**Q** 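So that we are looking at the same thing, I have put the structure below in structure tokens.
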Number of protein chains: 2
Amino acid sequence: MSSQTQENYLKCIYKISEKYAEGASTNAIAEGLETKPATVTDMLKKLAAQKLINYQKYQAVTLTPKGRKAALNIVRNHRLWEVFLVDKLKFSWNEVHDVAEQLEHIKSEELINRLDVFLGTPKFDPHGDPIPNKAGKIINNKATPLNESKVGLKLIVAGVSEHSTDFLAYLNEVNLTLGQKVVVKKVVAFDQSMQLIINKKDILFISHQVAKNILVVCQ
Amino acid sequence: MSSQTQENYLKCIYKISEKYAEGASTNAIAEGLETKPATVTDMLKKLAAQKLINYQKYQAVTLTPKGRKAALNIVRNHRLWEVFLVDKLKFSWNEVHDVAEQLEHIKSEELINRLDVFLGTPKFDPHGDPIPNKAGKIINNKATPLNESKVGLKLIVAGVSEHSTDFLAYLNEVNLTLGQKVVVKKVVAFDQSMQLIINKKDILFISHQVAKNILVVCQ
DNA sequence: ACTAAAATTTAGACAAGTCTAAAAATATAT
DNA sequence: ATATATTTTTAGACTTGTCTAAATTTTAGT
């Protein structure tokens, strides 16, 4: 039985491991959880003792199958609650993260399975991230960052790789929301900023920084 | 900012104070929270330091206005979540307590206000208990225990004063659910057990112990 | 390869919430 | 009214999760 704190560590290690195959370093985890490296080391030992992670002194850690399952369960909870908050309670996609961070730790399998059914077993959360199923199976989201797209391709916004309120609120403002049709009109070679056509008519300039964090699929 | 533990103490003191006007004793709180009296004393000092309770050594404690407001907020959360679990997720009224005990501690005013609207601002939870409003105002439930009712009166089940899963599951079994029409046909003088007529036709025997914990209003 | 920088771990400490055992205060019974 | 029982508090200790400061290990630069 993992505590809330331990669940947060597992989730954090999972997220880092998605990006870096070698696993999660002490520093990266400390940054992700806004805590100190020394604190992380203490916790890594406890998680290793429960066989939730593979830990060798001074090396990046990875999740064991047991740890991965626990992490995916938290991710499932988090994303289902986000769907609930947006679809049912009419929150905007940039307002739901903090509350979902709390709700994800509610312990009841029955609750989450019923919530899943109530929501119509959604496959993606409001940010386009895939929702793991009961068994911990998760769709591999093959969307690519907008900054890697070629000029002229017809694209659809399918997700984001940055979840901060500010970023999402900005996307709302400029109408770059999930499902939006986008064509890259021009890329400025100097700073890789982009000129987009949205909804076949509106023109929008975005920075490289923004383009990098928008995920798209071909239309 | 109260911790989950402190919130549970406040709720417990509130519930005891509903029954005993003089307030909550250390022992009563310890029993309610399934902890030890020594632990309770420690916490009472902390709550008093935050001006959430009135505490004098060796005396029963009462909530200050600030403490009462905090307690009613938790009660509001708990009861709204119970309505959600029963109305939306189709849980039975005897399955919701434990999960609601967790959900009640989620910290977000916006969340609970939106949930309230989503549920249609219900006035009572699935056990017939009144739901405090945003401001902490709570309807005084004037339902009376079934065992105090006279023979022949036409009654409606309006609540329960015992919330254990076993008791509620039993009521389900014998069809004594919220809103059920009941007439007291006979009271056995020896043990105060009761013979009821349910739904104008079915006959049911219940013990005094059961009757005491069912709340009714006149039809 | 050797040194400086960066990352990680250890050691010792603290806060919150809990416990047991013992002491002190209050309540009860005859 | 006084002894006994009950309730409450105190004292000291433990666990979880956190911190700072110092030590150690790994990595990187030249």
Side-chain angles (χ1 to χ4, degrees), chain A residues 1-13 15-17 19-63 67 70-71 74 101-102 104-105 107, chain B residues 1-13 15-17 19-63 67 70-71 74 101-102 104-105 107:
Chain A
M1 204 83 315
S2 289
S3 70
Q4 255 180 243
T5 310
Q6 293 194 1
E7 289 178 350
N8 283 333
Y9 273 86
L10 293 175
K11 190 176 62 156
C12 181
I13 293 166
K15 297 227 157 147
I16 295 169
S17 303
K19 272 199 183 174
Y20 304 99
E22 69 275 20
S25 72
T26 302
N27 262 359
I29 297 168
E31 195 189 350
L33 296 174
E34 292 179 53
T35 181
K36 304 291 165 179
T39 310
V40 173
T41 300
D42 289 343
M43 182 57 79
L44 294 183
K45 287 181 192 166
K46 288 172 195 163
L47 295 173
Q50 296 170 255
K51 305 222 188 294
L52 291 162
I53 61 170
N54 304 113
Y55 173 58
Q56 306 260 85
K57 265 194 194 182
Y58 296 103
Q59 280 182 216
V61 300
T62 54
L63 294 170
I74 302 301
E101 291 268 286
Q102 295 181 63
E104 72 189 8
H105 300 292
K107 271 157 201 65
Chain B
M1 202 82 321
S2 288
S3 69
Q4 251 177 246
T5 308
Q6 293 193 1
E7 288 178 350
N8 284 333
Y9 274 86
L10 293 175
K11 190 177 59 156
C12 182
I13 294 166
K15 296 227 159 149
I16 294 169
S17 302
K19 273 197 182 176
Y20 304 99
E22 70 274 20
S25 72
T26 303
N27 263 0
I29 297 167
E31 195 188 350
L33 295 174
E34 292 180 52
T35 183
K36 305 290 165 182
T39 310
V40 173
T41 301
D42 289 344
M43 182 56 80
L44 293 183
K45 288 181 194 165
K46 289 174 196 164
L47 294 174
Q50 294 171 257
K51 305 222 189 294
L52 291 162
I53 61 170
N54 304 114
Y55 173 57
Q56 305 262 86
K57 265 196 196 183
Y58 295 101
Q59 280 180 219
V61 300
T62 54
L63 294 170
I74 302 301
E101 291 269 284
Q102 294 181 63
E104 71 189 11
H105 300 291
K107 271 156 203 65

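Predicted model, so just to flag it, every value in this text is computed and none were measured. Quick note on labels: first sequence line is chain A, next is B, and so on, each numbered from 1.
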**Q** What does the list of N/O pairs under 3.5 Å between the protein and nucleotides 24-29 of chain C look like, with a distance for each?
**A**
from, atom 1, to, atom 2, distance (Å)
C:dA25, O4', B:Tyr58, OH, 3.3

**Q** Where is the tightest heavy-atom contact between B:Ala71 and B:Leu10, given as atom of each residue plus distance?
**A** CB-O, 3.7 Å
**Q** Which residue pairs satisfy the side chain to side chain donor-acceptor pair (under 3.5 Å) criterion with at least one member in residues 46-55 of chain B, sequence neighbours excluded?
**A** B:Gln6-B:Gln50, B:Asn54-B:Thr62
**Q** Here's a test of your reading of the structure: between B:Lys46 and A:Asn27, which maps to the more 5' nucleotide of DNA chain C?
**A** A:Asn27
**Q** What's the CD-P distance between A:Glu7 and D:dT16, to the nearest Å?
**A** 16 Å
**Q** Without decimals, in angstroms, what is the distance between A:Gln6 CD and D:dT15 C1'?
**A** 12 Å
**Q** Look up atom OH in A:Tyr9 and atom OG in A:Ser3, then write down how far apart they are to the nearest 0.5 Å.
**A** 9.5 Å
**Q** Any side-chain N or O of B:Tyr9 under 4.0 Å from OP1/OP2 of C:dA16?
**A** no
**Q** If the cut-off is 4.0 Å, is B:Thr26 near the phosphate of D:dT9, judged by side-chain N/O to OP1 or OP2?
**A** yes
**Q** Could you list the residues that satisfy salt bridge (Lys or Arg N to Asp or Glu O under 4.0 Å) with A:Glu101, not counting sequence neighbours?
**A** A:Lys11
**Q** Residues of residues 33-43 of chain A with any non-hydrogen atom less than 4.0 angstrom from an atom of DNA chain D: list those, numerically ordered, please.
**A** A:Thr35, A:Lys36, A:Ala38, A:Thr39, A:Asp42, A:Met43
**Q** On a heavy-atom basis, which atom in B:Ser17 and which in B:Gly23 lie closest, and how many Å separate them?
**A** OG-CA, 4.1 Å
**Q** Hey, does B:Gln59 reach any base, or is it just sugar-phosphate, or nothing, if we go heavy atoms under 4.0 Å?
**A** nothing
**Q** What is the separation between atom CD on A:Gln56 and atom P on C:dT9, rounded to the nearest whole Å?
**A** 11 Å
**Q** Counting C-beta onward and ignoring hydrogens, is there a side-chain heavy-atom pair between A:Ile13 and A:Val61 closer than 4.5 Å?
**A** yes
**Q** Checking B:Glu22 now: which residues fulfil salt bridge (Lys or Arg N to Asp or Glu O under 4.0 Å) with it, not counting sequence neighbours?
**A** none
**Q** How close or far is atom C1' of D:dG17 from atom CG of A:Leu10, stated in whole angstroms?
**A** 15 Å
**Q** Using whole Å, report how far OH of B:Tyr20 lies from C1' of D:dT7.
**A** 16 Å
**Q** Please state how far atom CD in A:Glu31 lies from atom P in C:dA6, giving the value in whole angstrom units.
**A** 15 Å
**Q** Would you please name every residue forming a side chain to side chain donor-acceptor pair (under 3.5 Å) with A:Lys107, sequence neighbours left out?
**A** A:Glu7
**Q** When the distance from CD1 of A:Ile29 to C1' of C:dT8 is rounded to whole Å, what number comes out?
**A** 12 Å
**Q** Below 3.5 Å, can you tabulate the donor-acceptor pairs from side chains in residues 28-43 of chain A to any protein atom, sequence neighbours excluded?
**A**
from, atom 1, to, atom 2, distance (Å)
A:Thr41, OG1, A:Pro37, O, 3.2

**Q** Quickly work out the A:Leu47 CG to D:dT16 P distance and round it to whole Å.
**A** 12 Å
**Q** Can you tell me if the side-chain N/O atoms of B:Gln4 get under 4.0 Å from OP1 or OP2 in C:dA16?
**A** no
**Q** Taking OP1 and OP2 of C:dA7, is either one under 4.0 Å from a side-chain nitrogen or oxygen of A:Ser25?
**A** no
